Amino acid sequence: MTALVSLVRIAKTFENGTQAFGPLDLAVDAGQFVSLLGPSGCGKSTVLRVIAGLLAPSAGTVSFPQSRPEIGFVFQEPTLMPWRSALDNVRLPLELKGVARADAEMRAREAILRVGLQGFEAAFPRELSGGMKMRVSIARALAAKPKLLLMDEPFAALDEPTRQALNDDLLKLWREDGLTVIFVTHSVFESTYLSTRVVVMTPRPGRIAAEISLDFPHARSEAFRLSPEFSKAAAEVSAALRGAHA
């Protein structure tokens, strides 16, 4: 299978001399859900920004063998405009791209419906819970109809029930849209639940210490979270993370 995105010997060193990560090689195929798992400061978020083109690598290359796909980015903080309603926040990137207003409106409303926020189109960020704000952020990314979705610890600040609900919704969107997802997390359990593949990184400068394929049905559920198969896989991921620290 041809990779959707390929990273070859990429590395990033900042102007102050801090080496964030690398060199590392990573190829992600279309339709995969890949989690980058590792300690704080190992460069996971920086890798996403390099893939998105928000940062230039200090070395190596990022390529899209099948042409550059539409990319959506969901940050750790929802980064919503406080003076814009939920609908207007979702529509904003479409406006910036010059999408016709009627089309942008339709796509924004559809995205809000798909993340379960119908009825809150006119609500402002201050009127929304943390989980609802993150749903708006995801809707904003989906409205652009991305093929590659980059997610930087989007659920880290949420309570566990909300986090699990958003995990389930994210998997549903991934399946329905045929998305390719690269997801940054600190959580062994979240990465095990969501992913088809977990990439474990070492402490800074981040390098790839292990890759674990998770061959489970895509339609995962609470029963899967409680299954022996999940516990065994989580233990394998946890052991790889401990090995990366060592």
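In this text the structure is predicted, and so the values were computed from the model without any measurement. Any value given below was found using the heavy atoms of this structure, including those in side chains, with hydrogens, waters and symmetry copies removed.
Nearest heavy atom pair, residue G72 against residue A141, reads CA-CB, 4.4 Å. L24 and G206 get closest at one heavy-atom pair: CD2-O, 3.9 Å. Counting all heavy atoms, side chain and backbone alike, A139 lies closest to I112 at CB-N, 4.1 Å. What you find for M81 and P125 is that their closest heavy atoms are O-CG, 3.6 Å. The two residues L36 and K44 come nearest to each other via the heavy atoms O-CD, 3.5 Å. Between Q32 and A27, the shortest heavy-atom distance links the atoms OE1-O, 4.3 Å.
Separating the CG atom in D152 from the CZ atom in R49 is a distance of 5.0 Å, to the nearest 0.5 Å. For the atom pair R220 CZ and S227 OG, the distance stands at 10.0 Å (nearest 0.5 Å). Distance check: E222 CD to F230 CZ gives 9.5 Å after rounding to the nearest 0.5 Å. For the atom pair L226 CG and S221 OG, the distance stands at 8.5 Å (nearest 0.5 Å). How far CD1 of I51 is from CZ of F73: 8.5 Å, rounded to the nearest 0.5 Å. Atom CZ of R207 is separated from atom CD of Q19 by 5.5 Å, given to the nearest 0.5 angstrom.
With sequence neighbours left out, the side chain to side chain donor-acceptor pair (under 3.5 Å) criterion links E176 to R114, K172. In terms of the side chain to side chain donor-acceptor pair (under 3.5 Å) criterion, S129 has no residue partners (sequence neighbours excluded). Applying the side chain to side chain donor-acceptor pair (under 3.5 Å) criterion to E105, with sequence neighbours excluded, gives R91, R109. For F21, there are no ring pair (Phe, Tyr, Trp, His ring centres under 6.0 Å) partners, not counting sequence neighbours. Looking at residues two or more places apart in sequence or on another chain, you find a side chain to side chain donor-acceptor pair (under 3.5 Å) between S35 and S195. When the side-chain contact (heavy atoms from CB on, under 4.5 Å) test is applied to T162, the partners found at least two apart in sequence or on another chain are L158, D159, L166.
A salt bridge (charged side-chain N to carboxylate O under 4.0 Å, His left out) check over residues 119-139, counting only residues at least two apart or in different chains, returns the pairs R135-D169. Residue pairs that meet the ring-ring contact (aromatic ring centres under 6.0 Å, His included) test with at least one member in residues 113-134, sequence neighbours left out, do not exist here. A side chain to side chain donor-acceptor pair (under 3.5 Å) check over residues 55-78, counting only residues at least two apart or in different chains, returns the pairs E70-K97. Within the structure, side chain to side chain donor-acceptor pair (under 3.5 Å) pairs that include any residue of residues 9-18 comprise N16-T18 (at least two apart or interchain).
At most 12 non-hydrogen atoms from other residues, nucleotides or ligands lie less than 6.0 angstrom from CG of D215.
Note: the hydrophobic cluster containing L80 does not contain W83 (ILVMFWY, side chain heavy atoms under 4.5 Å, direct or indirect links).
Contact annotation: the side chain of T185 never approaches that of M151 to less than 4.5 Å [non-hydrogen atoms, C-beta and beyond]. Between L194 and N167, some side-chain heavy-atom pair lies under the 4.5 Å cut-off. D25 places a side-chain heavy atom less than 4.5 Å from the side chain of V8. Side-chain contact between P154 and I138 is absent, with no heavy atoms from C-beta onward closer than 4.5 Å. Between R140 and V136, every side-chain heavy-atom pair lies at or beyond the 4.5 Å cut-off. Looking at K145 and E110, their side chains come closer than 4.5 Å, going by heavy atoms from C-beta outward.
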Without placing hydrogens or testing angles, list every side-chain donor-acceptor pair under 3.5 Å for residues 233-246, not counting sequence neighbours.
from	atom 1	to	atom 2	distance (Å)
S238	OG	R242	NH1	3.1

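Hydrophobic clustering, defined by side-chain heavy atoms of Ile, Leu, Val, Met, Phe, Trp and Tyr closer than 4.5 Å, groups V99 together with L94.
Put simply, the residue from V198, L170, T180 that forms a side chain to side chain contact (heavy atoms under 4.5 Å, CB included) with F33 is L170.
For R225 and Y193, the positive end sits near the middle of the six-membered ring, less than 6.0 Å away and at most 45° from its axis.
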Do L179 and L142 pass the side-chain contact (heavy atoms from CB on, under 4.5 Å) test, and can you show the C-alpha distance, the side-chain angles, and the key distance before you say yes or no?
CA-CA 10 Å; L179 292 168; L142 291 177; 4.2 Å; yes
Show your working on side-chain contact (heavy atoms from CB on, under 4.5 Å) between L7 and V47 and close with a plain yes or no.
CA-CA 10 Å; L7 315 181; V47 170; 4.1 Å; yes
Show, in sequence, the C-alpha distance, side-chain angles and deciding distance for I182 and V5, and conclude whether the side-chain contact (heavy atoms from CB on, under 4.5 Å) test is met.
CA-CA 10 Å; I182 305 178; V5 57; 4.2 Å; yes
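Under the 3.5 Å distance criterion, with hydrogens and angles disregarded, no donor-acceptor pair is assigned to the side chains of T46 and R204.
Ring pair F155/F183 is tilted by interplanar angle, where 30° to 60° counts as tilted.
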